[in-house]
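Here the structure is laid out as structure tokens; the discussion comes afterwards.
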Amino acid sequence: MTDDALAPVWLSLRVGVLALAVTAPLGIGLAWLQASRAHRFRGLVDALVLAPMVLPPSVIGFFLVWGLGRRGPVGGWLERAGVRLIFTPWAAVIASSIVALPVLVKAAQPAMEAVPQELVLVARTLGLAPFEVFRRVVLRGAWRGVATGLLLAFVRAIGEFGATLMFAGNIPGRTDTMPIAIWGAYQAGNDDRALGYVAVLTVLGFLAAAFAARFAPPRGVDR
Amino acid sequence: MRRRAALALLGLLFLGCHRGKNEEGKVEVSVGAASSLRVVLPKLVEAFGREHRRPKVVPVYGASGDLRKRIQDGAPIDVVLFAAPEPVDKLIETGNVIADSRKVVAHNRLALIGPKGGPKVGWHSLETLAPGDKIAIGDPEVVPAGAYAKKALQALGQWDSLAGRLVFGGDVAAVLAYVRRGEVAAGVVYMTEIKDVADVLVLEEARGAFAPRADVVAGSTKGVEGASHAGPARSFVEFLSTREAREIFEANGFELPR
């Protein structure tokens, strides 16, 4: 592949890494919150986090443009502060993060729930601070599930298309991630170009899925 | 019962397939036309119908490149009316369009448009836009208006310097929508696309040496039904160069070949 053809590959990887940087702390934190206690907003948080999994990407894209576009309630405020998100790589990062988040939470939360409650209680009675309990007991017990979640979330982030197209647009060299480059090449009848990215994403997707299937604990905890 | 229903369905299918002649045995001429002619073509068809009783003209709209592929695959289209010469010329090469029927019937002009209240720029000053401001054009590989926009920007020597700021739309309507929503500072569309659009401003029409001439090209195909359509198809193509047709093109924002 030439440099020009490789650009979408590098861009996708960058967007994926940045999206993971956003998603990882948020997703692991949310999974812990949801797994550890029955708080009042549990159902609401669940619905908000999981909704992007079942909503059409165009709906997510619409909300993003509507809210964070230059004339949107949040976007307009950012615009006055000198920050513009729409049609930038950051827009792609945001769209990717939203769809990647539920993937991570869905994998991490059950793994955390499977950590025996007694262990957590014992650690607490032995005087560990809450964060230390999380780090040394919960995370250590659930790390396979969390790692699987991170991997799948990364691949999902790289594969985001619909909301990205609406919010980040198709700007060659700037926002044309692999999925967007596939769409552009396909429309232009340039199937050979599309095929290269299709191959990269197919291999990546299969590898991640196969790895996740082998790596995830079949059930319960891994100590 | 089930058998009868199946037969009826088959009959319907045949009715559906049997295009070309309507109930009274009149010949129908189908026109494969570029989406950018969506407004002017019905008016041309109406005027043609007033003069000629005989062939009924049925427009089929699509992207020029896409229509070309369909005609090569044998779609029953008798006349082509495209927004650019290249797809017509390719169809002449492949033997689908009759070479001596090819005719430039009108020209379209590109316009640089912007949202109301947006920055005031012209074709020569696009580089002065703030770094975060984007410009929308049609995807040059898919949309003829986008290919013309690329030609114009190349002729102005701005194509390379604007890289990373050009948002590609899947068709002209998408470009127009980006501008109307104010998400881009400028966009490039045909003049004829914005005739009745209220909330965009024409920043500058494309005039001068850099401006590519967007030819509207007509031609009649060899057709799939043979000679019965050739005459009527040709009469419609010829009608497109009559004074009456030229007036309609002009009234809809097109320019005329001499």
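Lettering follows sequence order; numbering is per chain, from 1.
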Side chain, backbone, both or neither: which part of A:Arg84 has a non-hydrogen atom closer than 4.5 Å to chain B? side chain
Within a reach of under 6.0 Å around [atom1] of [X], are more than 12 heavy atoms found that belong to other residues, nucleotides or ligands?
X: A:Phe63; atom1: CZ; result: no
X: A:Phe161; atom1: CZ; result: yes
X: A:Phe62; atom1: CZ; result: no
X: B:Glu141; atom1: CD; result: no

So which part of B:Asp171 gets closer than 4.5 Å to some heavy atom of chain A, the side chain, the backbone, both or neither? neither
Interchain contact, B:Val143 with chain A, by part (heavy-atom threshold 4.5 Å): neither
Quick check for you: to the nearest 0.5 Å, what is the distance between [X] atom [atom1] and [Y] atom [atom2]?
X: B:Phe168; Y: A:Thr175; atom1: CZ; atom2: OG1; result: 10.0 Å
X: B:Arg181; Y: A:Trp66; atom1: CZ; atom2: CH2; result: 14.0 Å
X: B:Lys134; Y: A:Arg174; atom1: NZ; atom2: CZ; result: 5.0 Å

Among A:Gly69, A:Pro172, A:Gly173, the residue with the most heavy-atom pairs under 4.5 Å to chain B is A:Pro172
Of the non-hydrogen atoms in B:Lys116 and A:Arg71, which two are nearest, and what is the gap between them? O-NH2, 4.0 Å
Identify the heavy atoms of B:Tyr178 and A:Leu165 that sit nearest to each other, and give their distance. OH-O, 4.4 Å
B:Pro115 and A:Arg70, any side-chain heavy atoms less than 4.5 Å apart: no
